[in-house]
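One structure below.
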Amino acid sequence: MKKASLLMILGSVLLLGLFVFPLWNIELGAPQYPEPLGIDIYINGLQGQNEFDIQNIDGLNHYIGMKTLPKPEDMWEFTVFPLVIGVMVFLGVLLGVLGYTNKISYKWFFGWFILMSALGVLGMYDFNAWLVDYGTNLDPKAILKLANPDGTPMSYKPPLLGHQKMLNFDAYSYPRLGAYLMFVGMCLTLIAGYLGWRYKKINGTKQQN
Amino acid sequence: MKKYKYYLMAIIGVALVFSGCGNGGTKGSSNGALGSSAAEKVYVAPGQQDEFYAFLSGGYSGNLTVYGLPSGRMFKEIPVFSQFPTSGYGYSEETKPMLNTSFGFVPWDDAHHPDISQTNGELDGRWIFINGNNTPRIARISLSTFETEEIIEIPNSAGNHSSSFITENTEYVVAGTRFSVPVPQRDMPINEYKSNFKGALTFISVEPEHGQLDIKFQLLMPGFNYDLSHPGRGDSHGWFFFTTYNTEEANSLMEVNSSQNDKDFIAAVNWKKIEEYVNSGGGTKMAADYAHNVYDEGTHTGTTTMKKEVLTVDPTKVPGAVFFLPTPKSPHGCDVDPSGQYIIGNGKLSADLTVHSFDKMIAAIDGKKFDGEAYGIPILKFEDVLAGTVKSGGLGPLHTEFDGQGNAYTTFFISSEVVKWKLGTWEVVDRKPTFYSVGHLMIPGGNSRKPFGKYVVAMNKITKDRYLPTGPEMEHSAQIYDISGEKMELIYDFPTHGEPHYAAGCPAELLAPNSKKIYRLDDNKHPYAVANPSEARVERNGKEVHIYMSTIRSHFTPDNIEGIKVGDEVYFHITNHEQDFDVPHGFSIIGQNTSELLVMPGQTKTSIWKPKKVGVWPFYCTDFCSALHQEMQGYVRVSPANSNLELSWSLGED
């Protein structure tokens, strides 16, 4: 159980990477942008891949009537996400420590993992909703108004994950180091739960003491 | 019958020999090109980039053009001494001061010799310098912005030709006068030229960090013509060499009268010695008027300072600083090899090249082996300083460059050829025709201790049948030779802008990574810049109206302006708010008497407009910036001079 608890602590601490590294990245390349424009998405705000990318993306987006990219104060997510992650790291470390001193069972580890997964899914859902809003909720006075073959207005929503061709742009959307650290961290907490379960199975009631 | 057949064959044979001779040059080169796939050597595929930058002076166009080697593609024209409507240089209020001189606004010059800054004798790619011949000036151009940053006028000088060559740590740029003139200028009979006129050799110091120019001293030499110059290298660092002609000091029928002496001189100047003399208080301050124009990258603005004084040095007051090296007949080119040992003086009226040895010169000076003096300056004995002679058999040798492999390449103007020869043995290795009348040639870094001897570019004066004819006037032609092998190979030729008088080249990797892509808006210190479109406004100050305008794809803020009156002076101060590489915005307004502007991202430029007629006058962007480029426009309403209409403008409201 000691090994499991240490893994639990390590796994949760890896989530702190989100405060340093970007969670996600959307890149827009086009013939006239041989060096693609890119947005790094952090849990507390957006940053250009290069210094002036945000300004340049906004400059292009105004042709299709897209809102300018949000500043941290424009979206509640950028305040709430760091809090959620902070709390989850605290909880994870706390559970790990309690596990180490045999105060709680491995089931708590699974519980943390399930809660974190649920939050992750909610985050992705929210992120997607945000992309849909930015890509479809366009200024009616937009300069360029393009329609799909069926007549519906074209959406400029970048893909949630992967590549999509949007007019002259190739949009790429992929997780970045922060997300990978979170993923590895969550895997570690899952393994911690498994190790805790196996430990209990082998040592039976001994552990209860 | 049989005999006739022989006769016929003999005639055909003779005809073939003659035609073979007659077309030898061109035919041989085109066959050779196919045989060795010259096309592949110069082909830079779409999307690929050249290996070298080449900066060709524009001669009488007063600017500098940037080409790629080996492709010969032109990338940019950098205005230096000329007004340039393409960018508004010399027309915008910020750049007009760059063309100020003590003669007033001189929007043209004859720009000849570019030279790239060096550290320890190697190209460092910070700046390129170029001379203006006609109204003597030296310019410094930044090699990160490719913009002219500074121009200093040279007083007491005329025909600023033996310029702008630099010492090996860019300590000095020289500005040697071709014409000697009265110093100071005065009203005097021209036929009293002899011993009254002076030749000023000006040493301009370069501030090591920012490159700011300042005339350190002027050496007032005898009244010869100082044609070309070159700094020493390595052991000869600290010396500067100048070819002279007209040591006869003739003043009329120069063609004949200045070509009488069998030998003229190369003047060897120990500038370190003169520098010491000056630093310890030597020299004479002389009243002089000259302009010093500096462009500030932060304010995007040039300013002129009129200077009133210059420090002159009499060479006879600094013993051991200046010597004359006799050199056959009216030498033109003056070139120093990368080791600094050999000083090559090419006699434009002779067939041979004269090479002096620096070591022998020092030995002769130490041994005080003089052959008389001229105006108190010791003349060394020709035989004592001669390292060797290149017997070339060509006609009219002009300029020499070096490949760093112990070879030298000399152009022959009269016989139109480039001759390759070996330093030390003086033997001719190869010769190739040029088309036609070649002046300078350039090997990237050939003016430094470390040449990049892969290509030589020959710059020709006469184009004739090389390209499709364009009426009596043709652009000049430049030719690229591959010199990586023992024999030179002509691989490409291309027309150039203006007169490609001389050139400087360097590896692309030295400049490309430092080339600026935008000006940062947050570093813009122009007094009339607007940092945010919401600050855009119009202000009246008497008859002056200042419009603080911003641009972004694809609109001007403000776009409709009313309350302007006939007789006003309207200043459009335009700040480009883009922060994206290669997205300039243009500005032009009907009836403008200057030119349009091209404003780079993050930059502010000002155009003055004096409305003469009542009406509603449009302005628009001249550079295609977006799909809505045509819509990038606005109007200025001009009311009668006595109108009471208040100033008003629109800031993008619906």
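This one's a predicted model, so the numbers in the text were calculated from it and none came from an experiment. Every chain is numbered from 1 and lettered A, B, ... according to where its sequence line falls, protein lines coming before strand lines.
- Within 6.0 Å of CD in A:E73 there are more than 12 heavy atoms belonging to other residues, nucleotides or ligands.
- A:F52 is listed as a side-chain neighbour of B:R520, based on a closest heavy-atom distance under 4.5 Å.
- Residue A:Q32 holds its CD atom at 11.5 Å from CG of B:D582, rounded to the nearest 0.5 Å.
- Only the side chain of A:E51 comes within contact range of chain B, with heavy atoms under 4.5 Å apart.
- Around NZ of A:K107, the count of heavy atoms belonging to other residues, nucleotides or ligands within 6.0 Å does not exceed 12.
- The number of heavy atoms from other shown groups lying within 6.0 Å of NZ (A:K103) does not exceed 12.
- For chain B, the option among A:N56, A:N50, A:D53 with the highest count of heavy-atom pairs below 4.5 Å is A:N56.
- Atom OH of A:Y125 has 12 or fewer neighbouring heavy atoms from other residues, nucleotides or ligands inside a 6.0 Å radius.
- Environment of CZ in A:F183: sparse, with no more than 12 heavy atoms of neighbouring residues, nucleotides or ligands closer than 6.0 Å.
- A:L60 contributes atom CG, which lies 10.0 Å from atom OG of B:S626 (distance to the nearest 0.5 angstrom).
- Remark: B:K517 NZ to A:E35 CD distance equals 4.0 Å, nearest 0.5 Å.
- Within 6.0 Å of CD in B:Q49 there are 12 or fewer heavy atoms belonging to other residues, nucleotides or ligands.
- Between B:R553 and A:Y63 there is a side-chain heavy-atom pair separated by less than 4.5 Å.
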